[in-house]
**Student:** 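Let me give you the structure first, and then I'll get to my questions.
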Amino acid sequence: MDEFKALAEAVIKGDIKTAVAETQSALDAGSGARDILDKGLIAAMDEVGERFAEGVIFVPQMLRSAKTMKECTKLLEPLFKEGDIVSKGKVLIGTVKGDLHDIGKNLVSMMMEGAGFTMVDLGVDVSPEKFAQKTQEIEPDIVAMSALLSTTMPSMPLTIEALQKANIRDKVKVMIGGAPVTEKYAHEIKADSYASDAGSAVTKAKDLLGVS
Ligand code: B1M
């Protein structure tokens, strides 16, 4: 985090103006978008999470940091585009029911779109029924679910169940991810794939569909 200390500190403080300026000056100085994201922004959000868990900061400060990160991410977004216009596949993505965390999901969506996938984003707090209904409607190749809370993870197998009930489970691949989610959990609930971060979500999605 040292290389991007001022940026990380601004994100932790929720100082949007400074954080955006620091992101821009890191880009101007030749830093890679991936490094800025991983070593600056995500590292800062991990610190925010730790401070929250320790009771040093509270929900409003977490929200402010989240808003700050989102503003910085806007500057990085164009740099994740691979410049490919042929769609690699359609992906329906959302954060599961009861869960309002969307930064990680948005990053996954942004990187997948940049890599050539067509993304349909259902937002946050998406119920199993909504995932199933939208899957029937838009016929995606992949249904991608994000969860950040251990209490909302059970909505993932419920969504798979809803796809089964609607007789469409075998028509789509299911990918899951989010901080508390693991590869083991993906096996347990019979998801087709798990990705630990936005970059590997792209690789895993390509593997699932057999595209390069
Ligand atoms: Co919340 N929160 N939060 N929060 N929050 C966590 C997740 C927590 C770990 C903090 C902590 O206690 N240390 C904790 C969860 C504990 C647990 O269940 N294990 C927690 C809690 C408890 C809560 C509340 C319950 C707090 C309260 O109200 N008392 C509440 C719940 C609200 C709800 O959802 N119903 C809550 C609320 C919030 C805010 C709204 C204030 C805000 C979210 C704002 C927003 O997203 N728009 C917030 C934030 C910001 C966080 C932390 C600090 C940061 C999350 C984040 O954006 N990280 C977080 C602590 C932490 O994660 N370290 C915390 C950066 C982001 C890039 O990473 O989302 O992990 P992440 O995404 C990664 C990977 O996980 C992966 O790729 C991404 C990029 O590499 N990934 C996927 C994600 N989805 C994927 C999907 C894929 C593949 C990969 O395939 C489909």
Side-chain angles (χ1 to χ4, degrees), residues 1 8 11-14 19 33-73 76-77 80 89 91-115 117 119-127 131 140-156 159-160 172-183 185-186 189 191-208:
M1 193 153 98
V11 173
I12 293 165
K13 273 196 214 142
R34 195 62 197 265
D35 269 357
I36 298 173
L37 185 64
D38 290 342
K39 299 180 189 162
L41 302 175
I42 294 181
M45 292 309 279
D46 284 344
E47 176 65 27
V48 169
E50 277 166 34
R51 291 187 190 188
F52 174 77
E54 287 161 5
V56 179
I57 62 160
F58 300 95
V59 171
Q61 286 105 317
M62 266 210 292
L63 260 179
R64 183 83 191 161
S65 293
K67 189 155 191 274
T68 308
M69 169 151 184
K70 281 185 181 181
E71 290 304 316
C72 297
T73 310
L76 306 181
E77 190 167 359
F80 289 116
V91 181
L92 182 67
I93 192 167
T95 301
V96 298
K97 188 176 178 184
D99 202 321
L100 303 176
H101 296 85
D102 68 354
I103 297 178
K105 183 263 297 167
N106 292 346
L107 280 178
V108 171
S109 186
M110 182 179 100
M111 291 220 184
M112 290 184 83
E113 188 170 75
F117 290 90
M119 304 303 294
V120 178
D121 190 339
L122 296 179
V124 297
D125 191 18
V126 183
S127 68
F131 268 116
D141 300 291
I142 299 175
V143 171
M145 290 182 265
S146 175
L148 260 287
L149 299 170
S150 38
T151 49
T152 58
M153 281 167 61
S155 198
M156 292 174 156
T159 301
I160 293 177
V172 285
K173 300 289 184 193
V174 174
M175 174 189 274
I176 62 170
V181 179
T182 60
E183 183 95 56
Y185 187 68
I189 69 167
D192 299 299
S193 188
Y194 156 78
S196 58
D197 57 56
S200 61
V202 170
T203 318
K204 295 283 184 93
K206 285 179 179 173
D207 289 349
L208 273 178

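These figures come from a predicted structure and were not determined experimentally. Numbering of ligands and ligand atoms starts at 1, following listing order.
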**Student:** Evaluate whether atom NZ of Lys204 has more than 12 neighbouring non-hydrogen atoms of other residues, nucleotides or ligands under 6.0 angstrom away.
**Tutor:** yes

**Student:** In the structure I gave you, are the side-chain heavy atoms of Ile42 and Leu107 within less than 4.5 Å of one another anywhere?
**Tutor:** yes

**Student:** Nearest heavy atom to atom 80 (O) of ligand 1 wins, so pick from Ala198, Ala205, Gly178.
**Tutor:** Ala198

**Student:** Near Leu63, which atoms of ligand 1 are under 4.0 Å from a heavy atom of that residue?
**Tutor:** 40 (C), 41 (C)

**Student:** Looking at ligand 1, would Pro180 count as a contact under a 4.0 Å heavy-atom criterion?
**Tutor:** no

**Student:** Who gets closest to atom 27 (C) of ligand 1 by heavy atom: Ile103, Ile142, Val59?
**Tutor:** Val59

**Student:** Side chains of Leu122 and Leu92, heavy atoms from C-beta outward: is any pair under 4.5 Å?
**Tutor:** yes

**Student:** Return the closest protein heavy atom for atom 76 (C) of ligand 1 as residue, atom name and distance.
**Tutor:** Ser196 O, 3.4 Å

**Student:** Protein heavy atoms: any of them under 4.0 Å from atom 59 (C) of ligand 1?
**Tutor:** no

**Student:** Should Met69 and Leu37 count as side-chain neighbours, where that means a heavy-atom distance under 4.5 Å?
**Tutor:** yes

**Student:** Can you list the atoms of ligand 1 that are under 4.0 Å from a heavy atom of Ala179?
**Tutor:** 70 (O), 75 (O)

**Student:** Step by step, work out the side chain to side chain contact (heavy atoms under 4.5 Å, CB included) result for Val48 and Ile57.
**Tutor:** CA-CA 8 Å; Val48 169; Ile57 62 160; 3.6 Å; yes

**Student:** What atoms of ligand 1 come closer than 4.0 angstrom to any heavy atom of Ala144?
**Tutor:** 91 (C)

**Student:** Does a side-chain heavy-atom distance below 4.5 Å link Met45 with Val11?
**Tutor:** yes

**Student:** Tell me the protein heavy atom at minimum distance from atom 15 (C) of ligand 1, and give that distance in Å.
**Tutor:** Leu149 CD2, 3.5 Å

**Student:** A side-chain contact here means heavy atoms from C-beta on lying under 4.5 Å apart; do Met145 and Val174 qualify?
**Tutor:** yes

**Student:** Short N/O distance, under 3.5 Å, between Met69 and ligand 1?
**Tutor:** no

**Student:** Please report which non-hydrogen protein atom sits nearest to atom 13 (N) of ligand 1, along with the residue it belongs to and the distance in Å to one decimal place.
**Tutor:** Gly49 O, 3.0 Å

**Student:** In this structure, are over 12 heavy atoms from other groups packed under 6.0 Å from Lys206 atom NZ?
**Tutor:** yes

**Student:** At a non-hydrogen distance cut-off of under 4.0 Å, which region of Asp99 contacts ligand 1 (side chain, backbone, both, or neither)?
**Tutor:** both

**Student:** Does Leu100, backbone or side chain, put an N or O under 3.5 Å from an N or O of ligand 1?
**Tutor:** yes

**Student:** If we count only non-hydrogen protein atoms and require a distance under 4.0 Å, does atom 8 (C) of ligand 1 qualify as touching the protein?
**Tutor:** no

**Student:** Return yes if some donor-acceptor pair links the side-chain N/O of Thr159 with the main-chain N/O of Ser155 below 3.5 Å, else return no.
**Tutor:** yes

**Student:** Are any non-hydrogen side-chain atoms of Phe52 and Gln61 less than 4.5 angstrom apart?
**Tutor:** no

**Student:** Can you confirm, on distance only, whether ligand 1 has an N/O atom lying under 3.5 Å from any N/O atom belonging to Ala66?
**Tutor:** no

**Student:** Of the protein's non-hydrogen atoms, which lies at the shortest distance from atom 91 (C) of ligand 1, and what is that distance?
**Tutor:** Met145 O, 3.3 Å

**Student:** Strictly under 4.0 Å, does any heavy atom of Lys70 approach an atom of ligand 1?
**Tutor:** yes

**Student:** Give a yes/no on ligand 1: does Ser200 have at least one heavy atom closer than 4.0 angstrom to it?
**Tutor:** no

**Student:** Could you tell me whether a side-chain N or O of Asn106 sits under 3.5 Å from a main-chain N or O of Asp102, the two making a donor and an acceptor?
**Tutor:** yes

**Student:** Between Met62, Arg51, Gln61, flag the one that comes closest to atom 52 (C) of ligand 1 by a heavy atom.
**Tutor:** Met62

**Student:** Out of Gly199, Ala201, Ser146, whose heavy atom sits nearest atom 84 (N) of ligand 1?
**Tutor:** Ser146

**Student:** Contact between Ile176 and Ile189 at the side-chain level, heavy atoms closer than 4.5 Å - yes or no?
**Tutor:** yes

**Student:** Judged by non-hydrogen atoms, does Thr151 sit under 4.0 Å from ligand 1?
**Tutor:** no

**Student:** Report the part of Ile176 in contact with ligand 1, treating N, CA, C, O as backbone and CB onward as side chain, heavy atoms under 4.0 Å; options are side chain, backbone, both, neither.
**Tutor:** backbone

**Student:** Tell me whether Arg51 is salt-bridged to Glu47, with the criterion being a basic N under 4.0 Å from an acidic carboxylate O.
**Tutor:** yes

**Student:** Using protein heavy atoms only, decide if any is under 4.0 Å from atom 88 (C) of ligand 1.
**Tutor:** yes

**Student:** Could you name the option among His101, Met110, Lys204, Lys105 that has the heavy atom nearest to atom 48 (C) of ligand 1?
**Tutor:** His101

**Student:** Who's closest to atom 62 (O) of ligand 1 heavy-atom-wise, of Leu148, Leu107, Val91?
**Tutor:** Leu148

**Student:** Taking the side chain as every heavy atom from C-beta outward, state whether Asp121 and Met110 have any atom pair closer than 4.5 Å.
**Tutor:** no

**Student:** Heavy atoms only: which of Ile93, Asp102, Asp197, Thr73 lies closest to atom 45 (C) of ligand 1?
**Tutor:** Asp102

**Student:** Counting only heavy atoms closer than 4.0 Å, does ligand 1 sit against the backbone of Ala147, its side chain, both, or neither?
**Tutor:** neither

**Student:** Which atom pair, heavy atoms only, marks the closest approach of Met175 to Ala201?
**Tutor:** CE-O, 3.5 Å

